[in-house]
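Below is one structure, written out as structure tokens; the observations come after it.
Counting convention: from 1, in listed order, for ligands and their atoms alike. All residue numbers refer to positions in the sequence shown, counting from 1.
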Amino acid sequence: MSRSVCVKMQLNIDTFMEHPGKRFPVDVSLNAGRATSMSENVTFLEDVTVRGEAYVQLTTLYLDTEIHTVVEQPCRRCLEPVREEVEVSERFRIEIPEGESSIDLISRILGFITAALDPHPLCRPDCRGLCPVCGINLNEHPDHVCREEDEDDHVRLRDFFK
Ligand SMILES: [Zn+2]
Ligand SMILES: [Zn+2]
């Protein structure tokens with residue numbers, strides 16, 4: 001009876017409104033593909049799950065949640081995908097728009113996850129990145145030296161400064 005009805009992260013708050021201050025369990029999830037399509041530069045490998053409790057006080061919805069998902073972002077140097085597990089607790093305070101009986105959590109939850117992520121992830125601390133000339137991955141080709149047209153001058157200059 002007290003379970004909240006949630007479809008696609010739409011939180012139905014009718015029951016909450018009828019019982020101000022009473023805590024109700026929340027258990028919603030968002031499909032990984034949908035989350036990916038709504039985010040920039042972030043690929044969701046697992047569905048976003050949001051579990052916790054919620055209650056209404058006057059015109060505010062309080063949501064104590066544990067958010068879990070797994071995402072992938074490009075490494076800032078070599079662009080290889082970097083996997084990151086997201087496991088965060090957060091308390092949301094949402095003003096309920098007048099006359100609304102449900103709250104859309106998607107943009108809030110996704111916005112929160114995006115903000116919690118490392119904005120410039122590295123695949124490993126010593127990632128060598130890409131060759132600035134030809135773009136080859138220097139992690140996979142550590143001995144790579146780029147051949148340029150005026151190669152000889154460059155080599156001589158480099159040797160000179162050693
Ligand atoms: Zn990298
Ligand atoms: Zn190169």
Side-chain angles (χ1 to χ4, degrees), residues 4-13 24-54 60-97 102-162:
S4 52
V5 182
C6 310
V7 183
K8 292 182 177 176
M9 271 210 186
Q10 198 74 23
L11 191 65
N12 192 322
I13 53 170
F24 291 95
V26 170
D27 187 350
V28 289
S29 65
L30 178 63
N31 175 270
R34 181 111 189 271
T36 301
S37 72
M38 293 177 73
S39 310
E40 275 176 48
N41 285 324
V42 181
T43 305
F44 287 78
L45 302 179
E46 286 184 15
D47 291 352
V48 182
T49 60
V50 180
R51 295 202 176 94
E53 287 185 332
T60 307
L61 173 74
Y62 295 88
L63 199 60
D64 290 322
T65 59
E66 301 280 330
I67 302 169
H68 180 263
T69 188
V70 178
V71 301
E72 224 173 51
Q73 300 182 92
C75 169
R76 75 161 183 258
R77 289 188 198 150
C78 73
L79 305 179
E80 286 296 305
V82 183
R83 197 186 148 96
E84 192 178 338
E85 182 158 7
V86 178
E87 185 97 66
V88 281
S89 306
E90 178 67 5
R91 167 175 249 223
F92 294 91
R93 204 170 164 276
I94 301 167
E95 286 304 316
I96 303 166
S102 67
I103 300 276
D104 184 11
L105 297 180
I106 294 180
S107 55
R108 287 185 175 87
I109 300 284
L110 288 183
F112 176 74
I113 292 173
T114 312
L117 291 174
D118 183 346
H120 304 292
L122 281 176
C123 61
R124 57 186 214 209
D126 61 343
C127 171
R128 292 157 172 268
L130 304 176
C131 170
V133 179
C134 71
I136 203 171
N137 188 326
L138 298 176
N139 297 316
E140 290 161 19
H141 306 274
D143 299 326
H144 169 78
V145 177
C146 218
R147 304 283 165 200
E148 282 182 287
E149 294 294 312
D150 50 353
E151 180 203 350
D152 290 346
D153 291 345
H154 275 262
V155 171
R156 246 183 266 130
L157 208 62
R158 225 183 283 137
D159 288 345
F160 182 74
F161 281 113
K162 259 179 192 169

Given side chains that start at C-beta, do those of [X] and [Y] come closer than 4.5 Å, heavy atoms only?
{"X": "His68", "Y": "Glu46", "value": "yes"}
{"X": "Ile109", "Y": "Val48", "value": "yes"}
{"X": "Ile113", "Y": "Phe44", "value": "yes"}

To the nearest 0.5 Å, tell me how far [X] [atom1] sits from [Y] [atom2].
{"X": "Ile67", "Y": "Thr49", "atom1": "CD1", "atom2": "OG1", "result": "9.0 Å"}
{"X": "Arg108", "Y": "Leu63", "atom1": "CZ", "atom2": "CG", "result": "9.5 Å"}
{"X": "Thr69", "Y": "Leu45", "atom1": "OG1", "atom2": "CG", "result": "7.5 Å"}

Response to the item:
Taken in chain and number order and not counting sequence neighbours, the residues that satisfy salt bridge (charged side-chain N to carboxylate O under 4.0 Å, His left out) with Asp64 are Arg23, Arg91
All N/O donor-acceptor pairs, side-chain side in residues 129-139, below 3.5 Å, sequence neighbours left out:
unit_1: Asn137; atom_1: OD1; unit_2: Asn139; atom_2: N; d: 2.8
unit_1: Asn137; atom_1: OD1; unit_2: Asn139; atom_2: ND2; d: 3.3
unit_1: Asn139; atom_1: OD1; unit_2: Arg124; atom_2: NH2; d: 3.3
unit_1: Asn139; atom_1: OD1; unit_2: Arg128; atom_2: N; d: 2.9

Fill in: Closest approach of Ala35 to Leu110 (non-hydrogen atoms, all atoms of both residues)
CB-CD2, 3.9 Å
Worksheet entry | Closer than 2.8 Å to the Zn ion (ligand 2) - protein N, O or S atoms, ordered by chain and residue number | Cys131 SG, Cys134 SG, His144 NE2, Cys146 SG
Worksheet item: Taking the Zn ion (ligand 1) as the centre, how many protein N/O/S atoms fall inside a distance shorter than 2.8 Å?
Response: 4
